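The structure appears right after this line, and notes come after that.
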Number of protein chains: 2
Amino acid sequence: MLRLSKLTDYAVVVLTRLEEAEEGGVLTAPGLAAATGLGEPTVSKVLKILSHAGLVEGRRGALGGYRLTRPLAAMPLTDVIAAIDGPIALTACVDNSIGVCDAEATCPVRGRWDPVNDAIRRALSGISIADLAGAPQRAALAAE
Amino acid sequence: MLRLSKLTDYAVVVLTRLEEAEEGGVLTAPGLAAATGLGEPTVSKVLKILSHAGLVEGRRGALGGYRLTRPLAAMPLTDVIAAIDGPIALTACVDNSIGVCDAEATCPVRGRWDPVNDAIRRALSGISIADLAGAPQRAALAAE
DNA sequence: TGAAAACAGTACCTGAATGGTCCTGATTGC
DNA sequence: GCAATCAGGACCATTCAGGTACTGTTTTCA
Ligand code: FES
Ligand code: FES
């Protein structure tokens with residue numbers, strides 16, 4: 001179904017909530033879980049991944065929590081997808097993956113998916129998380 | 001990984017081979033399997049799906065086989081994806097799917113993925129199978 | 001008329017990947 | 001020192017795609 005993982009959706013939700021934090025203030029994982037209605041472990045997992053990708057910053061300790069490193073408007077959707085779902089590549093039979101496919105020798109589309117990947121990547125990079133959060137200012141305009 | 005199913009890749013391969021058939025001539029599923037190097041049951045399955053979607057036409061009988069209903073240049077990639085992977089929708093939390101998600105009430109991106117879906121759909125609809133087969137004439141230009 | 005070839009449809013099985021949970025450690029503040 | 005929180009990893013269950021097999025129907029040829 002060309003679906004991306006549900007965690008990516010959760011990530012967008014969490015990021016949107018994080019935007020509402022005070023300047024310099026942090027939100028805790030349990031707090032975000034309560035605010036979003038998602039499970040605490042799941043939210044924690046998402047935040048860890050995002051932290052690893054540099055999209056959020058975790059502060060430990062008693063008064064710890066998570067904080068956005070950049071405003072959502074400057075955070076393209078591709079970053080979130082790449083952080084959770086991995087690099088954007090439609091098929092396994094792309095560029096360097098040799099040996100995974102049996103039909104490499106006679107395959108006529110060997111490496112031909114690259115333009116498709118680029119097209120999608122480009123379409124997605126024009127959309128920021130802020131566009132999904134509630135301000136569809138330039139969403140869907142990237143492909144025009 | 002934002003991957004689409006491997007069957008879609010196979011479909012493109014098979015369709016490309018089908019293009020090489022004689023005018024009015026048909027290619028059999030076993031023949032295509034041998035030409036592509038894929039398993040016969042798998043090729044058969046792909047062809048059945050494509051036939052069901054109207055992209056190819058199957059002729060039964062001893063001299064039966066499959067035939068393209070349209071030239072590859074007039075076959076957008078979205079048709080193939082929609083035929084095999086189903087409709088293009090990034091997440092399950094889109095439009096009408098109610099009840100699948102727990103955070104519907106507080107979810108700020110509820111239904112916000114639609115512009116993303118449109119963007120991808122638009123980027124993909126500009127690419128035909130012929131573009132992937134070996135003539136990247138306007139591939140990747142759809143997003144510009 | 002019979003047999004063979006090929007598509008059509010369905011049903012089942014297996015494997016991998018996602019989604020989700022939990023546990024243990026490191027760090028910070030009170 | 002204690003509590004709270006993040007960090008990291010391991011673990012299990014579920015789901016779904018991928019693949020296979022079977023049966024039925026249609027057409028051609030001997
Ligand atoms: S290389 Fe895998 S199907 Fe083309
Ligand atoms: S409705 Fe499911 S996460 Fe938003």
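The analysis underlying the following values was restricted to heavy atoms, covering all of them including side chains, and did not include hydrogens, waters or symmetry mates. Predicted model, so just to flag it, every value in this text is computed and none were measured. Below, chain A is the first sequence line, B the second, and so on; all start at residue 1.
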Side chain of [X], heavy atoms from C-beta onward: which of [options] has the nearest atom to it?
{"X": "Lys48(B)", "options": "dA21(D), dC6(D), dG18(D)", "value": "dA21(D)"}
{"X": "Ala62(A)", "options": "dT28(D), dG20(C), dA4(D)", "value": "dA4(D)"}
{"X": "Tyr66(A)", "options": "dG20(C), dA5(C), dA7(D)", "value": "dA7(D)"}
{"X": "Pro30(B)", "options": "dC7(C), dA5(C), dG18(D)", "value": "dC7(C)"}
{"X": "Ser5(A)", "options": "dG19(D), dC7(C), dT18(C)", "value": "dT18(C)"}
{"X": "Leu7(A)", "options": "dC30(C), dG19(C), dT28(D)", "value": "dG19(C)"}

Can you check the [X] [atom1] to [N] [atom2] distance for me, whole Å?
{"X": "Ile81(B)", "N": "dA17(D)", "atom1": "CD1", "atom2": "P", "answer": "15 Å"}
{"X": "Ile49(B)", "N": "dT10(C)", "atom1": "CD1", "atom2": "P", "answer": "12 Å"}
{"X": "Glu40(A)", "N": "dA4(D)", "atom1": "CD", "atom2": "C1'", "answer": "13 Å"}
{"X": "Leu27(B)", "N": "dC7(C)", "atom1": "CG", "atom2": "C1'", "answer": "14 Å"}
{"X": "Lys45(B)", "N": "dG9(C)", "atom1": "NZ", "atom2": "C1'", "answer": "12 Å"}
{"X": "Leu32(B)", "N": "dA6(C)", "atom1": "CG", "atom2": "C1'", "answer": "13 Å"}
{"X": "Arg67(A)", "N": "dT5(D)", "atom1": "CZ", "atom2": "P", "answer": "18 Å"}
{"X": "Leu38(B)", "N": "dG19(D)", "atom1": "CG", "atom2": "P", "answer": "9 Å"}

### Chi angles and distances behind the side-chain contact (heavy atoms from CB on, under 4.5 Å) call for Val56(A), Thr69(A)
CA-CA 5 Å; Val56(A) 301; Thr69(A) 57; 5.5 Å; no
Considering all heavy atoms of both residues, which atom of [X] and which atom of [Y] are nearest to each other, and what is their separation?
{"X": "Met75(B)", "Y": "Arg70(B)", "result": "CE-O, 3.8 Å"}
{"X": "Pro71(B)", "Y": "Glu19(B)", "result": "CA-OE2, 4.3 Å"}
{"X": "Ala73(A)", "Y": "Ser128(A)", "result": "O-CB, 3.4 Å"}
{"X": "Tyr10(B)", "Y": "Thr42(B)", "result": "CD1-CG2, 3.8 Å"}

### Query
Do the side-chain N or O atoms of Tyr10(B) get closer than 4.0 angstrom to the phosphate oxygens (OP1, OP2) of dG19(D)?
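For dG19(D), OP1/OP2 do have a side-chain N/O of Tyr10(B) under 4.0 Å.
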#### Entry: Position toward the 5' end of DNA chain D (nearest nucleotide), Ser44(A) or Thr42(B)
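Mapping each residue to its closest nucleotide by heavy atoms, the 5'-most match is Ser44(A).
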### Message
Which is more 5' along DNA chain D, the nucleotide nearest Gly39(B) or the one nearest Thr28(A)? Just name the residue.
### Response
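Its nearest nucleotide lies further toward 5', so the answer is Thr28(A).
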### Query
side-chain contact (heavy atoms from CB on, under 4.5 Å) between Trp113(A) and Leu77(B): does it pass, once the steps are laid out?
CA-CA 11 Å; Trp113(A) 287 98; Leu77(B) 182 58; 3.8 Å; yes
### Query
What about Lys6(A), does its side chain sit under 3.5 Å from the base of dG19(C) through a donor-acceptor pair?
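In this structure, the two groups form no donor-acceptor pair.
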### Message
Looking at Val12(B), is its backbone amide N or carbonyl O close enough to the side chain of Thr16(B) to form a donor-acceptor pair, meaning the two atoms are under 3.5 Å apart?
### Response
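Looks like yes, one N/O pair under 3.5 Å.
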### Query
Using a heavy-atom distance cut-off of less than 4.0 Å, which residues of residues 50-61 of chain B contact DNA chain D?
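Arg60(B), Gly61(B) - these, ordered by number, are the residues of the stretch whose heavy atoms sit under 4.0 Å from the strand.
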### Message
Please identify which of these residues, Leu50(B), Leu68(B), Leu72(B), Val26(B), meets the side chain to side chain contact (heavy atoms under 4.5 Å, CB included) condition with Leu18(B).
### Response
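Testing each of Leu50(B), Leu68(B), Leu72(B), Val26(B) against Leu18(B), the sole residue satisfying side chain to side chain contact (heavy atoms under 4.5 Å, CB included) is Leu68(B).
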